[in-house]
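Here is how names work: the chains are called A, B, and so on, in the same order as the sequence lines, proteins then strands, and each is numbered from 1.
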There are 2 protein chains.
Amino acid sequence: MKLTMQATLKKGNTDLVSETIGVITQHIRSHELTPGDKLPSELNLAKELKVSRTVVREAFRSLAAMRLINLSVGKRATVANLDHGAMSLMIEHGVLTEQISVQQIYDVRRTIEVRTVTLASLRRTDAEAVSIRKHALQMMAQIENPEKAMMHDLAFHLEIAKASKNPIFGMIVGAFQEVSRQSWFIGWRNRSAEGQREEMIQTHIDIADAIVLGDPLKASELMSAHFDNSVKVLIDAGLV
Amino acid sequence: MKLTMQATLKKGNTDLVSETIGVITQHIRSHELTPGDKLPSELNLAKELKVSRTVVREAFRSLAAMRLINLSVGKRATVANLDHGAMSLMIEHGVLTEQISVQQIYDVRRTIEVRTVTLASLRRTDAEAVSIRKHALQMMAQIENPEKAMMHDLAFHLEIAKASKNPIFGMIVGAFQEVSRQSWFIGWRNRSAEGQREEMIQTHIDIADAIVLGDPLKASELMSAHFDNSVKVLIDAGLV
DNA sequence: ACATAAAAGCTGTCTAACAGGTTTTAGCAA
DNA sequence: TTGCTAAAACCTGTTAGACAGCTTTTATGT
């Protein structure tokens, strides 16, 4: 890769690391780099910008934390694919520090997922429809195995987001899954009455069927009802 | 602050920095820290974990990049308030690297903002209602000054998100504003026909009025129409 | 032409040092 | 004793150099 990083650091009020981050993102932009493309090495960047390797390293780490680039030992840093890892941590942090409540998460999820299921109904490939339905069926099959049932539940929602063909939805849905993982079992445990779990899973199957049939209205209504029910269960469980 | 970081690094397959990040987030969790609370100093953490200050610094930088903590020279790191800065960069990166299209952003925005305006209509304080309406009116007043008109436009949407009383919506709406800033002028320039800009701004005022009146249905319909129109303008401009 | 070994390049981590900002401490004055 | 001030202690930002261990390139010999 040719190394033309004509941008120089204007050593102003902010710190060198922040400026270096800016230079690197600018580099990505000006060279029109796409996922997988390599960035300059730490040493070259340091020399180019006349800063220490430490500064460049901290800048790289920052970008890696946001999942904008990938680091791996021995190799040069590469531009990263869109990923929800960083957003997951942000959401988790919000919950941990009591800035976000579980109910608020569910409201956002409902808002997003009513949309993803609508789009998925319209845009899904046949393969995606099959995959989505399979996860719903597997939930039912694994009803005695909460751990696995949850896996399929999460995968079900994520597949729908992917089938919406909008990567931002995929990112947001993915971001909430880490933290949802924790409240999932509460919901499961509190659906203890006869048939409650089956009913919940059946809703998933019905949603899958609506997607298979390409019925966005039906799909979104079911999804909305599913969230209504989930929030109700959590509230009944005293989790508010 | 008492320094009990009993968690030790299990020097396993991943790198020390990642593990240190985990320890720090764990520290925040176990000590139930909330925004503003101080974290241990780099040196103390380094000694505690038996790693070099370099490693701790890179961990801190990573967390700061995600806006989970705030750094400032001379002072100890503190737990941060929820902030959309990192998410802004992630979205911008997605657009820059051609993983996200402008139209996809608008679809997400519409989805979210139809919801925020609904919630805002129900939950806004009087002060918020006034502020929202003021921004809409200021847009009209600054119709000859695109730069300022845009500022009020963005503030308008952000205020609505805040009035929804769900910080996640605020974060998401904020995150998209950085990147929307760039397409805003395209939309503005392409509403060149007589009265088109006034019409667009009038929609904002109408939305504000619906919020003032506490009419969520009307507000959400108007917001939806606004996005329909914006997307149409951008498509007509050839930006797809 | 190809396989292999050496060399060069790169990242991860550590140590030591110093500038300059911030908080705490100590001591002095009222 | 209280309140102010100056010094000390603490803390972060940045630099330089070093070495282990992994990866890519180069050179070498068959």
Side-chain angles (χ1 to χ4, degrees), chain A residues 1-3 5 7-24 27-28 31 33 36-80, chain B residues 1-3 5 8-24 27-28 33 36-80:
Chain A
M1 178 188 10
K2 205 172 43 173
L3 235 188
M5 187 149 320
T8 41
L9 299 187
K10 33 185 159 67
K11 314 207 176 189
N13 11 14
T14 60
D15 59 354
L16 289 178
V17 175
S18 307
E19 305 231 21
T20 303
I21 292 174
V23 171
I24 296 168
H27 176 90
I28 293 174
H31 290 247
L33 301 186
D37 290 347
K38 285 182 193 165
L39 290 168
S41 74
E42 294 173 0
L43 213 57
N44 281 337
L45 250 175
K47 275 191 268 193
E48 185 96 14
L49 302 178
K50 296 203 175 68
V51 296
S52 70
R53 203 185 136 212
T54 310
V55 168
V56 175
R57 274 191 66 77
E58 291 187 10
F60 271 16
R61 277 284 182 196
S62 297
L63 292 167
M66 292 183 282
R67 302 292 203 278
L68 306 194
I69 67 174
N70 290 322
L71 304 178
S72 56
V73 18
K75 300 181 193 172
R76 302 240 293 277
T78 58
V79 175
Chain B
M1 176 183 20
K2 205 173 44 172
L3 235 188
M5 187 149 318
T8 41
L9 299 185
K10 35 184 162 58
K11 316 207 176 189
N13 12 14
T14 61
D15 58 356
L16 290 178
V17 175
S18 307
E19 304 231 20
T20 303
I21 290 174
V23 170
I24 296 168
H27 176 90
I28 294 174
L33 300 187
D37 290 346
K38 286 183 192 161
L39 290 167
S41 74
E42 294 172 359
L43 212 57
N44 282 337
L45 250 175
K47 274 190 269 193
E48 186 96 14
L49 302 178
K50 296 202 176 71
V51 296
S52 68
R53 183 154 84 101
T54 312
V55 168
V56 175
R57 274 190 66 77
E58 291 188 10
F60 271 16
R61 279 283 181 197
S62 297
L63 293 167
M66 291 183 284
R67 303 290 203 281
L68 306 194
I69 67 175
N70 290 321
L71 304 178
S72 57
V73 16
K75 300 181 192 171
R76 302 239 294 275
T78 58
V79 175

Would you sort out whether Glu19(A) and Val55(A) count as a side chain to side chain contact (heavy atoms under 4.5 Å, CB included), showing the intermediate values?
CA-CA 10 Å; Glu19(A) 305 231 21; Val55(A) 168; over 6 Å; no
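- Rotation axes derived from the C1' atoms of the five outermost pairs at either end of the helix from dA1(C)-dT30(D) to dA30(C)-dT1(D) lie 10° apart, to the nearest 10°.
- In this structure, the separation between CG on Asp37(A) and NE2 on His27(A) is 9.0 Å, given to the nearest 0.5 Å.
- Within the 3.5 Å criterion, the main-chain N or O of Leu39(A) finds a donor-acceptor partner in the side chain of Arg76(A).
- Separation of atoms CG (Asn70(B)) and OG1 (Thr78(B)) is listed at 4.5 Å; rounding is to 0.5 Å.
- Rounded to whole angstrom, the span from the NZ atom of Lys38(B) across to the P atom of dT22(C) amounts to 13 Å.
- Closest approach of Pro40(A) to Leu45(A), counting heavy atoms only: CB-CG, 4.0 Å.
- In this structure, the CG atom of Leu49(B) is 11 Å from the P atom of dC14(C), given to the nearest Å.
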In the 5'-to-3' direction, what one-character label does each nucleotide of nucleotides 7-14 of chain D receive under the scheme B = base within less than 4.0 Å of a protein heavy atom, S = sugar-phosphate only, - = no such atom?
----BBBB
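- Taking CD of Glu58(A) as the reference point, atom CG of Asp15(A) lies at 8.5 Å (rounded to 0.5 Å).
- Contact detail for Lys38(A) and Leu33(A): the closest heavy-atom pair is O-CD1, 4.0 Å.
- Summarising the geometry, atom CZ belonging to Phe60(B) is positioned 14.5 Å from atom CZ belonging to Arg61(A); distances are rounded to the nearest 0.5 Å.
- Spacing between atom CG of Leu45(A) and atom P of dG9(C) amounts to 17 Å, rounded to whole angstrom units.
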